[in-house]
Amino acid sequence: MHVHYDITHTTCYRYSSPVTFGEHRVMFRPRDSHDQRVLATDLQVSPQAAVRMIQDPHSNSVALVTPLGSATELKIVCSFTIEHALSPYPELSLSPSAQIFPFAYSVEERFDLEHYMRPHHDDPDGVLTHWARQFMRTDGPTGTRDLLLNMNQFIRNYFGYAQREQEGTQTPLQTLDLGTGTCRDFALLMMEAVRRLGVAARFVSGYLYDQALDGGRSTGHGSDRESESGTIGAGTTHAWLQVYLPGAGWVTFDPTNNLLGSNQLIRVGVARDPSQASPISGNWFGAANAYQGMTATVQVRRVTAAG
């Protein structure tokens, strides 16, 4: 079954006096794949801007936007329509060699996955490694599927979601210490944890469809919002991770909502680290105190269904 989604992502930066703008890096176009196809896209920028499209080293589509002239507001509206193939089965049909943890990648796989297997955050006292190993059984073989599902569910059940307006991501050790975080923090925690176990993982940014917000409302502000259904991350940009498993390929895990698979998730960018997958980044020039803040909203609407 296929469904169509209309997505509109609006970002507005406000300034107390006119400022000029440097180049902005805008990652908005969803990634085409066997389960996701882009049907139409549109990018509107105010003030008028020069725009060119490139692909980054991870094959993400990136718009390089240079606003022309000065203004007290920079508004970027990204809209697109996608076709999404819904899979009724979890994406964990593993090769026999990978069903029991630990498993080994082939030599060819290791060459391609090296950068996704290497941890990017320090763990000098082994705290993160110890935390990750708690999901390995001590009374018998550990199923790879069970280990990952249990870690995904543990983060959802035992870590508190906390809104945060500041840009950037907590380190995994900070998230463990605080016991709270945003979707980006939870995705990074699980990504770095499985890397410490020798498993390849990558960060994913995009959008989350929640039927409760399709014409409804969300609560909260910032980079994560919780809807009336309890889903966190709909109504704005969302983040999760993918783990590479022999026989299954890149498998989606959303520890913020304890989701497996991508039926509700719309991929935009993948990266080794969250810093490489920011939806919008750039600079401006003007009085030091001119910046007044920004707002970002996302609307994801299911518009058609086809067999």
Side-chain angles (χ1 to χ4, degrees), residues 31-36 57-60 84-121 123 126-157 172 176 186-206 239-265 267 269-274 276-277:
R31 293 174 64 94
D32 284 291
S33 186
H34 64 280
D35 62 341
Q36 181 173 283
H58 301 280
S59 295
N60 300 311
H84 205 297
L86 302 185
S87 172
Y89 306 108
E91 304 170 21
L92 277 182
S93 300
L94 307 185
S95 295
S97 62
Q99 291 178 359
I100 301 299
F101 182 85
F103 63 88
Y105 293 112
S106 68
V107 174
E108 291 80 6
E109 286 173 329
R110 289 190 67 89
F111 276 128
D112 294 329
L113 296 172
E114 178 182 358
H115 293 300
Y116 298 112
M117 297 179 66
R118 184 186 308 153
H120 286 256
H121 292 266
D123 185 27
V127 173
L128 178 59
T129 302
H130 177 76
W131 182 85
R133 286 177 176 170
Q134 72 176 303
F135 299 100
M136 299 173 59
R137 297 184 59 170
T138 58
D139 58 349
T142 299
T144 301
R145 173 193 174 96
D146 292 338
L147 184 154
L148 295 169
L149 290 176
N150 290 340
M151 186 183 297
N152 199 52
Q153 184 175 25
F154 186 95
I155 294 173
R156 176 66 173 99
N157 290 348
L176 287 178
F186 297 150
L188 178 61
L189 170 63
M190 184 167 173
M191 182 175 74
E192 287 288 290
V194 299
R195 286 174 175 174
R196 291 283 170 182
L197 298 178
V199 180
R202 65 186 184 183
F203 185 86
V204 188
S205 66
W240 59 97
L241 71 147
Q242 290 180 324
V243 177
Y244 190 85
L245 299 173
W250 288 109
V251 179
T252 294
F253 291 89
D254 177 7
T256 302
N257 295 294
N258 189 29
L259 296 177
L260 168 66
S262 57
N263 284 354
Q264 293 176 253
L265 299 167
R267 295 182 305 278
V270 301
R272 291 181 290 106
D273 186 77
Q276 299 175 310

**Report entry** Sequence-distant partners of Gln264, side chain to side chain contact (heavy atoms under 4.5 Å, CB included), two or more places apart
**Finding:** Leu208, Leu259
Report summary line: Sequence neighbours excluded, the answer for side chain to side chain contact (heavy atoms under 4.5 Å, CB included) partners of Ser95 is Ser97, Pro246
Query raised in the report: Sequence neighbours excluded, which residues qualify as side-chain hydrogen bond (donor to acceptor under 3.5 Å, both in side chains) partners of Asn157?
Result: none
Requested in this report: Can you measure from CG (Asn258) to CD1 (Ile155) and round to the nearest 0.5 angstrom?
Outcome: 9.5 Å
Requested in this report: Output, in order, the C-alpha distance, side-chain angles, deciding distance and verdict of side-chain contact (heavy atoms from CB on, under 4.5 Å) for Thr252 and Val204.
Outcome: CA-CA 9 Å; Thr252 294; Val204 188; over 6 Å; no
Report summary line: Across all chains, not counting sequence neighbours, the side-chain hydrogen bond (donor to acceptor under 3.5 Å, both in side chains) partners of Tyr105 are none
Query - Test side-chain contact (heavy atoms from CB on, under 4.5 Å) applied to Arg137 and Thr142, step by step - result: CA-CA 5 Å; Arg137 297 184 59 170; Thr142 299; 3.6 Å; yes
Query - side chain to side chain contact (heavy atoms under 4.5 Å, CB included) partners of Thr138, counting only residues at least two apart - result: none
Give the table of side-chain donor-acceptor pairs shorter than 3.5 Å for residues 187-197, with sequence neighbours excluded, one pair per line with atom names and distance.
from, atom 1, to, atom 2, distance (Å)
Glu192, OE1, His120, N, 3.0
Glu192, OE1, His121, N, 3.0
Glu192, OE2, His120, N, 3.2
Glu192, OE2, Arg195, NH1, 2.8
Arg195, NE, Tyr116, O, 2.9
Arg195, NE, Ala201, O, 3.3
Arg195, NH1, Arg272, O, 3.4
Arg195, NH2, Ala201, O, 2.8
Arg195, NH2, Arg272, O, 3.0
Arg196, NH2, His121, O, 2.6

Report summary line: In short, salt bridge (Lys or Arg N to Asp or Glu O under 4.0 Å) pairs touching residues 96-114 with sequence neighbours left out are Glu114-Arg118
Query raised in the report: After noting the C-alpha distance and the side-chain angles of Val199 and Tyr244, does the key distance pass the side-chain contact (heavy atoms from CB on, under 4.5 Å) rule?
Result: CA-CA 7 Å; Val199 180; Tyr244 190 85; over 6 Å; no
Report summary line: dist Phe253:CZ -> Leu265:CG (nearest 0.5 Å) comes out at 12.0 Å
Query - Short side-chain to backbone donor-acceptor contact, Asp123 and Leu128, under 3.5 Å - result: yes
Report summary line: Residue set satisfying side-chain hydrogen bond (donor to acceptor under 3.5 Å, both in side chains) with Asp254, at least two apart, ordered chain then number -> His238, Asn257
**Report entry** Arg267 and Asp35, any side-chain heavy atoms less than 4.5 Å apart
**Finding:** yes
**Report entry** Heavy-atom donor-acceptor pair, Ser93 side chain to Ala248 backbone, under 3.5 Å
**Finding:** no
Query - Results of ring pair (Phe, Tyr, Trp, His ring centres under 6.0 Å) for Phe135 - residues two or more places apart only - result: Trp131, Phe154
Query raised in the report: Would you find a donor on one side and an acceptor on the other, under 3.5 Å apart, between the side chain of Asn60 and the backbone of Val270?
Result: yes
Query raised in the report: Of all residues at least two apart in sequence or in a different chain, which pass the side chain to side chain contact (heavy atoms under 4.5 Å, CB included) check with Ala104?
Result: none
Requested in this report: Mind checking the CH2-CG spacing from Trp250 to Leu241? Nearest 0.5 Å is all I need.
Outcome: 9.5 Å
**Report entry** Thr144 to Ile100 - nearest heavy-atom pair and separation
**Finding:** OG1-C, 3.4 Å
Query raised in the report: Is there a side-chain contact between Val251 and Leu148 (heavy atoms, below 4.5 Å)?
Result: no
**Report entry** Closest non-hydrogen atom pair, Ala239 against Phe203
**Finding:** CB-CZ, 3.5 Å
Query raised in the report: Taking only residues two or more places apart in sequence or in another chain, which ones pass side-chain hydrogen bond (donor to acceptor under 3.5 Å, both in side chains) with Asp146?
Result: none
